[in-house]
Amino acid sequence: MTPPTLHTERLTLTAPSARHFAPLAEFYASERSSFVGGPLTADRAWRALAMEAGHWSLRGYGRFAVELTETGELVGVVGPWFPEGNPEPEIGWDLMNGYEGKGYAAEAAIEARRWVYEELGWQTAMSLVDRDNIASAKLSESMGCKKDGQFHSPSFGALDIWRHPGPEAL
Amino acid sequence: MTPPTLHTERLTLTALNERHFEPMAAFYADDRSSFVGGPLTAERAWRVLAGEIGHWTLRGYGRFAVELTATGEMVGLIGPWNPHAWPEPEIGWDLMNGHEGKGYATEAAKATRDWAYSALGWTTVISLVAEGNHGSRKVAERLGCTLERPYTHEIYGTMNIWRHPGPEVAS
């Protein structure tokens, strides 16, 4: 499936492509990626980007490259995510370096959640958040999520499951 | 780019999708995958499959799922491959478990080499073969490749670069 392009006030959510490699490699080179399997070398980061693109083919959905509409800069990778081994589909978000604290993750994740409820027909959604990732836990709370158990990921360790409000509650 | 479908005498080369996960997970669970970064858990194998598909998105080409035309069984993962920082584009081949020794890798690799030359306009191509991978070395020799030099990669260790005959010779 070809990813659609979605728009919010400040952001454009679009298909991950080769032009997103440089910012993604920078994110994965930094310690900020430690909650999502990093730091990774550029080789591994390229494979991670390829995987994001391939996830769309395998599942019919996947995470979006989130760009600032005004400049085209990549600010995040956000959206539905369900790799083999995960307990259920989630809404995931990674903010690229230098774009923290501006509300971009929330803005994109809310739009992605709307899309999975309205277009994919999901009845529920959760987000997996590393216990020590305070910023991400706060974002979950701001989106109305409640803690709903834990998942021990073989790759990422102990993660909290944050349950989003369902489609009818929104 | 949507992968085309190619046909050889016995094989159909087509786009990778979720039905190829099971044979790939079995391959990556096995020691046979040790020359290409394995063994890997099923979780990791799924990510590798997603990465193979995404390679098409990022490069406009990638490896094909190779199926037996008669049965639809997946026998290999073969075709042009050029992840970040690769020395240069290559033709790669992985044979799934139980399909060795039948000439499938050579048959499919030749078809994808022809495709890379004719459809992608490549003028030269290599294949990387891990040190000690005798089966793969034989495929390179059958394809008319000549040994060029060793190359060391952070994930795969030391491999040999084999140079294929160019488009004018190979066709």
Side-chain angles (χ1 to χ4, degrees), chain A residues 1-3 14-26 28-29 36-65 74 77 79-87 89 92 128 151-157 159, chain B residues 1-3 14-26 28-29 36-65 77 79-87 89-90 92 128 151-157 159:
Chain A
M1 135 144 211
T2 306
T14 188
S17 74
R19 73 177 180 279
H20 303 118
F21 172 60
L24 197 71
E26 212 176 291
Y28 274 115
V36 293
L40 299 180
T41 62
D43 287 28
R44 295 273 187 192
W46 194 90
R47 286 156 196 260
L49 175 58
M51 188 182 65
E52 298 276 352
H55 187 292
W56 280 92
S57 263
L58 291 174
R59 297 291 193 216
Y61 58 84
R63 300 208 297 174
F64 296 88
L74 182 73
V77 180
W81 182 241
F82 186 36
E84 176 72 20
N86 271 22
L128 293 169
F151 169 61
H152 195 88
S153 157
S155 310
F156 304 110
L159 302 170
Chain B
M1 139 142 208
T2 305
T14 186
L16 285 157
N17 65 35
E18 65 277 2
R19 74 176 183 276
H20 303 114
F21 171 58
E22 211 176 297
M24 277 184 66
Y28 273 111
V36 292
L40 299 178
T41 61
E43 284 83 356
R44 293 273 175 199
W46 193 91
R47 286 158 191 258
V48 168
L49 170 59
E52 296 274 349
I53 296 169
H55 187 291
W56 281 90
T57 307
L58 296 178
R59 297 291 194 215
Y61 57 85
R63 299 208 291 174
F64 294 84
L77 178 60
W81 180 242
N82 185 25
H84 178 74
W86 222 230
E90 74 157 321
L128 292 164
Y151 166 77
T152 300
H153 185 269
E154 63 169 73
I155 301 171
Y156 304 107
M159 300 180 281

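In this text the structure is predicted, and so the values were computed from the model without any measurement. The basis for the numbers below is simple: all heavy atoms, side chains too, and nothing from hydrogens, waters or symmetry mates. Just so we're on the same page: letters track the sequence lines, and every chain starts at 1.
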Can you tell me which portion of Glu52(B) sits under 4.5 Å from chain A's heavy atoms? Options are side chain, backbone, both or neither.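 Answer is neither: Glu52(B) stays 4.5 Å or more from chain A.
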Checking Trp86(B) against chain A: side chain, backbone, both or neither under 4.5 Å from a heavy atom? side chain
With only heavy atoms counted, which part of Ser57(A) is less than 4.5 Å from chain B, the side chain, the backbone, both or neither? both
Less than 4.5 Å to any heavy atom of chain B: does that hold for the side chain of Arg19(A), its backbone, both, or neither? neither
Minimum heavy-atom separation for Ala50(A) to Gly51(B), with atom names?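 Smallest interatomic distance, heavy atoms only, reads CB-O, 3.5 Å.
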Would Glu154(B) and Arg44(A) satisfy side chain to side chain contact (heavy atoms under 4.5 Å, CB included), going step by step from the backbone distance to the final call? CA-CA 10 Å; Glu154(B) 63 169 73; Arg44(A) 295 273 187 192; 4.0 Å; yes
Residue among [options] with most heavy-atom pairs under 4.5 Å to chain B:
options: Ala15(A), Ala48(A), Ala53(A); value: Ala53(A)
options: Pro16(A), Pro83(A), Gly85(A); value: Pro83(A)
options: Gly54(A), Ala25(A), Ala42(A), Ala18(A); value: Gly54(A)

Quick one: pull up CZ in Arg19(B) and CG in Leu58(A) and give me the separation to the nearest 0.5 Å. 11.5 Å
Reported CG-to-CZ distance for the pair Leu58(B) and Phe21(A), which is rounded to 0.5 angstrom: 9.5 Å
Which of the residues Leu16(B), Ile155(B), Asn17(B), Thr57(B) is involved in the greatest number of heavy-atom pairs with chain A at under 4.5 angstrom? Ile155(B)
Show, in sequence, the C-alpha distance, side-chain angles and deciding distance for His84(B) and Leu49(A), and conclude whether the side chain to side chain contact (heavy atoms under 4.5 Å, CB included) test is met. CA-CA 11 Å; His84(B) 178 74; Leu49(A) 175 58; over 6 Å; no
Contacts under 3.5 angstrom, residues 36-48 of chain B side chains, donor-acceptor by atom type, not counting sequence neighbours:
unit_1, atom_1, unit_2, atom_2, d
Thr41(B), OG1, Arg44(B), N, 3.2
Arg44(B), NH2, Ser155(A), OG, 3.4

Check the pair Leu49(B) / Met51(A) against side chain to side chain contact (heavy atoms under 4.5 Å, CB included), numbers first and verdict last. CA-CA 8 Å; Leu49(B) 170 59; Met51(A) 188 182 65; over 6 Å; no
